[in-house]
Amino acid sequence: MLINFSKTKKFAAMKRMISLKDNRIKEKDRAKAKEKKKKDPAALKEREVTKYPSCLFFQYNTQLGPPYHVLVDTNFINFSIKAKLDIVQSMMDCLYAKCVPCITDCVMAEIEKLGMKYRVALRIAKDPRFERLPCTHKGTYADDCLVQRVTQHKCYILATVDRDLKRRVRKIPGVPIMYISSHRYNIERMPDDYGAPRV
């Protein structure tokens, strides 16, 4: 019986490799890779620590105080209309102090874009009791604008019903959140000393 060795598999077959002395390899490739230096465990590690504002003393925001400046979001105005709440009066009932609702240019632009359906919200936003805050940045995405303003200036309370925006603001220390529940305004993360009701 004849066995055809050409068709049988070769065992322990190795891949052919170019030898280091081959003239096809360039000089720079011939050099061995430099060994990495082992890190000294005794050496001091440098790392960048995020700087927190000086007004946050043990997470207690010293810049908050009456009259409270409340940054208002688009959906907060819309939900207040649905719940038939007077914004300024309801804020005062919630915080037991004078409140100044503030509205940024981005939020104003967002309400204007919504059209005729939200004309009542636009009329409320143009109320003289509302403080208008000018925006210097590019783009008109209101959520980013509010998060940026709240991060820079710790004197604001953010009024919103938007879950995503609440989630983003909860990561920023020292910023209370005002929201609507059971036909009234409630406040979250407000220091106990300020007398805000606990619900």
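For the numbers below, each heavy atom of this structure counts, side chains included, while hydrogens, waters and symmetry mates do not.
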Single-linkage hydrophobic cluster, 4.5 Å side-chain cutoff, Val70 and Leu133 together: yes
Ring geometry between Tyr156 and His69 (parallel below 30°, tilted from 30 to 60°, perpendicular above 60°): perpendicular
Met92 and Asp86: CA distance, side-chain angles, deciding distance, side-chain contact (heavy atoms from CB on, under 4.5 Å) verdict: CA-CA 10 Å; Met92 288 184 189; Asp86 180 286; over 6 Å; no
Rounded distance (nearest 0.5 Å) linking atom CZ of Arg168 with atom CG of Leu158: 10.5 Å
ILVMFWY cluster, Phe76 and Ile172 together (side-chain gap under 4.5 Å): yes
Where Asp105 and Pro134 come nearest, the two heavy atoms and their spacing: OD2-CA, 3.2 Å
Flag side-chain contact, heavy atom, 4.5 Å: Lys98 against Pro66: no
Nearest heavy atoms of Leu146 and Val72, plus distance in Å: CD2-O, 4.5 Å
Over all atoms of both residues, closest heavy-atom pair of Leu64 and Cys155: CD2-O, 4.0 Å
Pairwise distance OH(Tyr68) to SG(Cys94) - rounded to 0.5 angstrom: 10.0 Å
Derivation and outcome, side-chain contact (heavy atoms from CB on, under 4.5 Å), residues Ile180 and Ser80: CA-CA 8 Å; Ile180 303 167; Ser80 296; 3.6 Å; yes
Backbone N/O of Met116 and side chain of Arg119: donor-acceptor pair under 3.5 Å: yes
CA sep, side-chain torsions, deciding dist, call: Arg149, Thr104, side-chain contact (heavy atoms from CB on, under 4.5 Å): CA-CA 9 Å; Arg149 199 171 282 270; Thr104 62; 3.5 Å; yes
Closest contact, heavy atoms only, Cys106 versus His137: SG-CE1, 3.3 Å
Polar side chain donor-acceptor pair, Gln148 to Asp144, under 3.5 angstrom: no
Connected via hydrophobic side-chain network under 4.5 Å: Val147 and Met108: yes
Residue from Leu95, Ile177, Val175, Leu71 passing side-chain contact (heavy atoms from CB on, under 4.5 Å) with Ile157: Leu95
Arg170 to Arg189 - nearest heavy-atom pair and separation: O-NH2, 3.4 Å
Nearest non-hydrogen partners of Met190 and Pro176, listed with the distance: SD-CG, 3.6 Å
Inter-residue atom distance Ile111.CD1 - Arg123.CZ, 0.5 Å rounding: 13.0 Å
Atom pair CE/CE of Met178 and Met91 - distance to nearest 0.5 Å: 5.5 Å
Working for side-chain contact (heavy atoms from CB on, under 4.5 Å), residues Asp164 and Asp143: CA-CA 9 Å; Asp164 293 331; Asp143 287 11; 5.5 Å; no
Sub-4.5 Å side-chain heavy-atom contact between Ile77 and Leu122: no
OG on Ser90 to NZ on Lys84, rounded to 0.5 Å: 14.0 Å
Approximate separation, where rounding is to 0.5 Å, of Thr74 OG1 and Glu110 CD: 3.5 Å
Single-linkage hydrophobic cluster Tyr185~Ile81, side-chain heavy atoms < 4.5 angstrom: yes
Cation-aromatic face contact Lys166/Tyr179, 6.0 Å, 45 degrees: yes
Cys99 and Val88, any side-chain heavy atoms less than 4.5 Å apart: no
Transitive ILVMFWY side-chain link Val100 to Val107, under 4.5 Å: no
